[in-house]
*Asks:* 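Structure below; questions to follow.
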Amino acid sequence: SLTNGKYYKLTNDIYLNDTTKENWQETAKEWFEGTALFGGTLDGAGYAIYGLYAESTSKNNNCCGLFQYTSGNAVIKNLHLRDVNIKAARAGAFVGKAEGILTIENCSVKGEITGVSEGSGDMRAGGFIGYAINRVTIKNSYIDATLGRTGTYGYIGGLIGEFYRGSGDTTSTINIENSYANTGKPIIDKCSSADGAEVMTYITINNVYSKTAQTEATYEATRSITGV
């Protein structure tokens, strides 16, 4: 990615859409769609981005978020997303699909995220990240948002939709600290690996609270990492 190793810093709030208007989503300017890949550092400096609107139901372009994909060593910090409205098969306020190393610190989200099921179980939506495939750290962050779905297939989590480890992978980890999720969903909805290896030993959650509506349909292992 051209952004690998680059540093970006906000100097003011950003208004992508006027969210003060009634039903602003009907005329919203949509955030970009393509194969945007981010591998640098974004420092929000305490500022907010308002009115991020993104929608995709395409199987070829089904990742939506502030960044569709991350790779390399990406960092998002000190940034607040307000009035988010995202609909996609792989949807996350910050990242649709996270690969490589991703750190999210001192961040927050408010708005609405909807996982769009394509009928094959491919939907993975999360408050912060839709689909996480490598090392993710979330610290000192929170989400207060509405998370929903269309259809019955797929996974949707308060912070991460699904954490996946490849066959023989011993480097992928999830570390979540001092964070809060008010979404009615478990922190992570599905944890899996290609070779059937134990996943829970690669997940660390400390001082995390989730206001959740845990259901029997949720992946069994997730119950021990939901929070209190």
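Heads up: numbering here begins at 1 and tracks the sequence.
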*Asks:* For the pair Thr114 (side chain) and Gly148 (backbone), establish whether a donor and an acceptor sit closer than 3.5 Å, ignoring hydrogens and angles.
*Replies:*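 Absent.
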
*Asks:* What residues join Tyr50 in its hydrophobic cluster, counting side-chain heavy atom gaps under 4.5 Å, either direct or through other members?
*Replies:*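 Tyr50 clusters with Tyr15.
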
*Asks:* How long is the gap from CG on Leu79 to CG on Leu66, to the nearest 0.5 Å?
*Replies:*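 Reported value, rounded in 0.5 Å steps: 6.5 Å.
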
*Asks:* May I have the step-by-step check of side chain to side chain contact (heavy atoms under 4.5 Å, CB included) for Tyr47 and Ile14, ending in yes or no?
*Replies:* CA-CA 8 Å; Tyr47 292 109; Ile14 295 176; over 6 Å; no

*Asks:* With clusters built from Ile, Leu, Val, Met, Phe, Trp and Tyr whose side-chain heavy atoms come within less than 4.5 Å, directly or transitively, what are the remaining members of the cluster of Ile101, listed by chain and number?
*Replies:*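 Cluster partners of Ile101: none, it stands alone.
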
*Asks:* If you take all heavy atoms of Ile156 and Lys185, which pair is closest and at what distance?
*Replies:*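 For Ile156 and Lys185, the tightest heavy-atom pair comes out as O-CB, 3.9 Å.
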
*Asks:* Could you pull out all residues at least two apart from Asp83 that satisfy side chain to side chain donor-acceptor pair (under 3.5 Å)?
*Replies:*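 Partners of Asp83 under the side chain to side chain donor-acceptor pair (under 3.5 Å) test: Thr19.
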
*Asks:* Find the distance between NE2 (His80) and NZ (Lys110) and round it off to the nearest 0.5 Å.
*Replies:*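 His80 NE2 to Lys110 NZ: 10.5 Å, rounded to 0.5 Å.
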
*Asks:* Keeping Ser141 on the side-chain end and Ser179 on the backbone end, is there a donor-acceptor pair under 3.5 Å?
*Replies:*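 Pair absent, no side-chain N/O of Ser141 close to backbone of Ser179.
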
*Asks:* List the residues meeting side chain to side chain donor-acceptor pair (under 3.5 Å) with Asn175, not counting sequence neighbours, and say none if there are none.
*Replies:*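 Partners of Asn175 by the side chain to side chain donor-acceptor pair (under 3.5 Å) criterion, ordered by chain and then number, come out as Glu177.
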
*Asks:* For Gln68 and Cys63, indicate whether the former's side chain and the latter's backbone hold a donor-acceptor pair under 3.5 Å.
*Replies:*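 Flag set: sc Gln68 to bb Cys63 pair under 3.5 Å.
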
*Asks:* How long is the straight-line distance from OG1 of Thr183 back to CD1 of Ile143, given to the nearest 0.5 Å?
*Replies:*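 If I round to the nearest 0.5 Å, the distance is 6.0 Å.
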
*Asks:* Side chains of Ser108 and Arg82: is there a donor and an acceptor less than 3.5 Å apart?
*Replies:*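 A pair is found: one side chain offers a donor N or O, the other an acceptor, under 3.5 Å apart.
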
*Asks:* Can you tell me how far CD1 of Ile174 sits from CZ of Phe163, rounded to the nearest 0.5 angstrom?
*Replies:*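 That separation rounds to 4.5 Å.
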
*Asks:* To the nearest 0.5 Å, how far apart are CG in Leu147 and CD in Glu112?
*Replies:*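 Going from CG on Leu147 over to CD on Glu112, the span is 9.0 Å.
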
*Asks:* Does anything in residues 3-15 pair up under salt bridge (Lys or Arg N to Asp or Glu O under 4.0 Å), and if so which pairs, sequence neighbours excluded?
*Replies:*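 Qualifying pairs, neighbours excluded: none.
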
*Asks:* Output yes when a side-chain donor or acceptor of Gln25 lies under 3.5 Å from a complementary backbone atom of Tyr53, and no otherwise.
*Replies:*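 Flag not set: sc Gln25 to bb Tyr53 has no pair under 3.5 Å.
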
*Asks:* With rounding to the nearest 0.5 angstrom, report the CZ to CG distance, Phe38 to Leu102.
*Replies:*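 Output value for this atom pair is 9.5 Å.
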
*Asks:* Could you pull out all residues at least two apart from Phe94 that satisfy ring pair (Phe, Tyr, Trp, His ring centres under 6.0 Å)?
*Replies:*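 Partners of Phe94 by the ring pair (Phe, Tyr, Trp, His ring centres under 6.0 Å) criterion, ordered by chain and then number, come out as Phe128.
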
*Asks:* On a heavy-atom basis, which atom in Ala98 and which in Thr70 lie closest, and how many Å separate them?
*Replies:*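 Scanning both residues, the minimum pair turns out to be CA-OG1, 3.4 Å.
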
